[in-house]
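FYI, side chains are in, hydrogens and waters are out, and symmetry mates aren't considered; it's all heavy atoms of this structure. One is the number of the first residue; the rest follow in order along the sequence. Counting starts at 1 for both ligands and their atoms, in listed order.
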Amino acid sequence: MKKLLLFFIPLFAATQVLAEFQRAENGMVSSRSDIASEVGKDILAQGGNAIDAAVAVGFALAVSYPSAGNIGGGGFMVYRSSEGEVYTQDFREKAPRAAHRDMFLDENGDVDRNLSRNSLLATGVPGSVAGHLDALERFGSMSREQVMAPAIQLAEEGFILNEDLASQFADNLPRFEQYPASLATFSNNDQAYQAGDLWQQPELAETLRRIAAEGRDGFYKGPVADMLVASMETHDGLITHADLESYQPLWREAVHGSYQGYDIWSMPTPSSGGILLIEMLNMLEPYNLGELGWGSTESIHLMIEAQRRAYADRAEHLGDPDFYEVPRQMLLSKEYARQRFADFDPQRASDSQDIDAGNWPAESPQTTHYSIIDAEGNAVSITTTLNASYGNKFVVPGAGFLLNNEMDDFSSSPNTPNGFGLIGREANAIAPEKRMLSSMTPTIITRDDEVFLITGSPGGSTIINTILQVVINTIDHDMNIDDAVNSPRFHHQWLPNIVRYEEGAIQESVVQELRALGHVGISLSPFRIGDANSIMVVEDAYEGVSDSRNDGGVAGF
Ligand code: DON
């Protein structure tokens, strides 16, 4: 029942959908799991800072929201200290050393999607544990034991499953059945869990306890690493002890842009999110979207055309900057955006050459975003993922955690769409130890050197457009955070040349007008677009919302 709610029932159709909104003064956490948000709030209330809370929430999500919260995956963090310094941390997965460019091609040279998504070859070297612990060491104030205690307790003592999680587990049961440890974790003695059941994860608790005691070595070395590598050996995966031991998260310079007097701070490559967000805002800045009106034909036409151009640039120019020269300054410059948008025709849709390159994902993939702010104004924006929902569905026997299938984010073959219909080329080709290109867009926006907005979202290729719309809703349309996040959205990504919209995002008359301009492939989205758990700073308070498209919770105090 709830699975339908997650992605296939048109927005706003179901009364069960929870809109969560809170106003608080001392600190706030917004995430996809109310349990994890409470964990983060408690850490803040005990005097922890935003990074302490972020690390606690990250580990708690690995327990309470296992489809995307993880220790076997990776992600990105944008952190702004109360002194105004902005840092980004890349804890994205890496290709194992034995990976190679053609590893997902079959004998005909075609991409074998089953291999790139549903096998242990699909797994990149996980980054979440190293990233979280490194952030804690650099900016946290509490001990590892303190911030990990709630996650350990949750895994060990368990928690009562709600309808959301119980139905996700039930829906995925046929996939979990492939692997005994996955079945044991996500079923109740081989039968589907029901809402109201207690769910415990003793093996995950043990793994978390090792990490708390030994730090990163508790995951990247020793028994947990042995169990992960043994799984690789049994199931033809590539990750070795050397891959695990050498994994390092990287601190990178945030991408920075400006829009209507606000400063945008976001994630650089290997995520495409920050660069594309700023490129699109730069293209749109000369037009007064506020005056054109939310949902007007003119503003939607403008935004689709900005999306088309930016996503085309993504395919050509973006990849891991340690392997490919990304023209970052060019893509971020207002002059480039002006030139790139010079052929915009208010009367006509432009062509996305080679239409129909891609397909939309058939399954509902998941990632998750959380936003945190503490009493001092330290702000954290983190998006993390296993790529698909529950990654490759493989729970490491004995260690109790799921593996990602992030390798599918590479361009396994030039111009061949990945799971999100995104194409890429040389910039994002597979290479040993390279990080796969992402769309995750954790973002912090400031105004006059004060935090204004903390946002980000899951949604694969739709992430960047989700954030674009949250930003435009707040800045151009003066919406409060509740409306900005919960307004319906649309998405275009150059190829395939189609526009998908949530119910209410585009009025029927506007759909007709857009078709007349040449946007012929425009239709209702079969799934919800994004899940932007966000916080806005208003006067002397914080206002947070957990996106009403899904369960989740804001916890403030
Ligand atoms: O990094 C990326 O862009 C993707 N692996 C994110 C996957 C995702 O958002 C799935 N979400 N709903």
K.L.:
Side chain, backbone, both or neither: which part of Ile463 comes within less than 4.0 Å of ligand 1 when only heavy atoms are counted?
P.N.:
side chain
K.L.:
Would you confirm whether the ring centroid of Tyr311 sits within less than 6.0 angstrom of the ring centroid of His492?
P.N.:
no
K.L.:
Within the structure, does Gly459 bring an N/O atom to less than 3.5 angstrom of an N/O atom in ligand 1?
P.N.:
yes
K.L.:
Do Phe59 and His132 have their ring centres less than 6.0 Å from each other?
P.N.:
yes
K.L.:
N/O to N/O below 3.5 Å, does that happen between Ser439 and ligand 1?
P.N.:
yes
K.L.:
At under 4.0 Å between heavy atoms, which part of Arg528 makes contact with ligand 1: side chain, backbone, both or neither?
P.N.:
neither
K.L.:
Only heavy atoms count here, so choose which of Asp409, Asn418, Asp531 is nearest to atom 2 (C) of ligand 1.
P.N.:
Asp409
K.L.:
Specify side chain, backbone, both or neither for Met436, according to which of its non-hydrogen atoms lie closer than 4.0 Å to ligand 1.
P.N.:
neither
K.L.:
At a 4.0 Å threshold, what atoms of ligand 1 neighbour a non-hydrogen atom of Thr367?
P.N.:
6 (C), 7 (C), 8 (C), 9 (O), 10 (C), 11 (N), 12 (N)
K.L.:
Any salt bridge linking Glu316 with Arg425? Criterion: basic side-chain nitrogen under 4.0 Å from a carboxylate oxygen.
P.N.:
yes
K.L.:
Using ring centroids (six-membered ring only for Trp), state whether Phe410 and Phe104 fall under 6.0 Å.
P.N.:
no
K.L.:
Would you check the N or O atoms of Gly460, main chain and side chain alike, for any that come under 3.5 Å of an N or O of ligand 1?
P.N.:
yes
K.L.:
Answer side chain, backbone, both or neither: which part of Asn387 comes under 4.0 Å from ligand 1, heavy atoms only.
P.N.:
both
K.L.:
Under 4.0 Å between a Lys/Arg side-chain N and an Asp/Glu carboxylate O for Arg92 and Asp409?
P.N.:
yes
K.L.:
Kindly confirm or rule out a cation-pi arrangement of Arg340 over Tyr336, judged by NZ or CZ under 6.0 Å from the six-membered ring centre and within 45° of its axis?
P.N.:
no
K.L.:
Please list, in number order, the atoms of ligand 1 under 4.0 Å from a heavy atom of Arg92.
P.N.:
1 (O)
K.L.:
Is the ring centre of Phe76 less than 6.0 Å from the ring centre of Trp251?
P.N.:
no
K.L.:
Within ligand 1, which atoms have a heavy atom of Met440 less than 4.0 Å away?
P.N.:
1 (O), 3 (O)
K.L.:
Any side-chain donor-acceptor pair under 3.5 Å between Glu502 and Ser525?
P.N.:
no
